[in-house]
Amino acid sequence: MKAARTAQVLLGDYLRSGRVLPELVLAAAVGAFLWWARPSHAVATLATGGLSLVLAMLTTHRLTGWANHNLGYMLIIRSLGRSGYLLGTVLASWLLVAAMYFLLRLATIPRLEVGAQDLAVTALPTVLAFSLVVMLA
């Protein structure tokens with residue numbers, strides 16, 4: 001429970017500070033490509049999957065680097081511990097990447113003229129792939 005609260009605090013601070021802007025710009029660029037280019041369904045799935053992997057690396061690197069400050073050390077000394085703090089940081093990164101991936105897919109589905117069932121079919125492998133990248137990063 002403490003790790004979830006840590007993830008909530010880290011995610012809230014990350015969003016409020018404006019550090020999320022590079023990720024948003026990257027997602028908007030891919031979304032604009034998908035919206036105006038109207039690629040085939042396979043290319044759209046590849047583009048959103050590739051974006052999610054890049055976002056997983058970028059977000060995890062930036063969030064863990066940002067969390068490695070004096071405030072983070074104060075939280076580790078308290079009853080949270082190192083493992084809870086690390087788990088909270090990874091959870092915050094994963095939630096941000098998952099939210100951006102699903103928002104991008106939902107935003108481009110009407111333009112690509114595919115059903116919502118396609119999101120369910122292609123989402124699980126992509127979520128597993130960027131989950132692995134978040135854990136390894």
Using only atom types and a distance under 3.5 Å, with no angle test, would you say the side chain of S17 pairs donor to acceptor with the backbone of Y14? yes
Side chain of R62, backbone of R19: donor and acceptor closer than 3.5 Å? yes
Check the hydrophobic clustering (I, L, V, M, F, W, Y; side-chain heavy atoms under 4.5 Å; chains of links allowed) and say if L46 and V30 are grouped together. no
M135 and L58: same hydrophobic cluster, using ILVMFWY side-chain contacts below 4.5 Å? no
If I compare all heavy atoms of G88 with all of A7, which pair ends up nearest, and what's the gap? O-CB, 3.2 Å
Which heavy-atom pair separates L34 from A44 by the least distance, and what is that distance? CD2-CA, 3.7 Å
Using a side-chain heavy atom cutoff under 4.5 Å and only I, L, V, M, F, W and Y, what cluster partners does [X] have?
X    : answer
W36  : W35
L87  : none
L136 : L132

Inter- and intrachain pairs under salt bridge (Lys or Arg N to Asp or Glu O under 4.0 Å), touching residues 120-137, at least two apart: none
Residue pairs, two or more places apart or on separate chains, that pass salt bridge (Lys or Arg N to Asp or Glu O under 4.0 Å) and touch residues 43-52: none
Acceptor/donor pairs from residues 90-104 side chains to any protein atom, 3.5 angstrom cut, sequence neighbours excluded:
{"unit_1": "S93", "atom_1": "OG", "unit_2": "T60", "atom_2": "N", "d": "3.4"}
{"unit_1": "S93", "atom_1": "OG", "unit_2": "T60", "atom_2": "OG1", "d": "2.6"}
{"unit_1": "W94", "atom_1": "NE1", "unit_2": "S131", "atom_2": "OG", "d": "2.6"}

If you round to the nearest 0.5 Å, how far is [atom2] of [Y] from [atom1] of [X]?
X   : Y   : atom1 : atom2 : value
E23 : L15 : CD    : CG    : 9.5 Å
T6  : L11 : OG1   : CG    : 12.0 Å
L26 : L55 : CG    : CG    : 5.0 Å

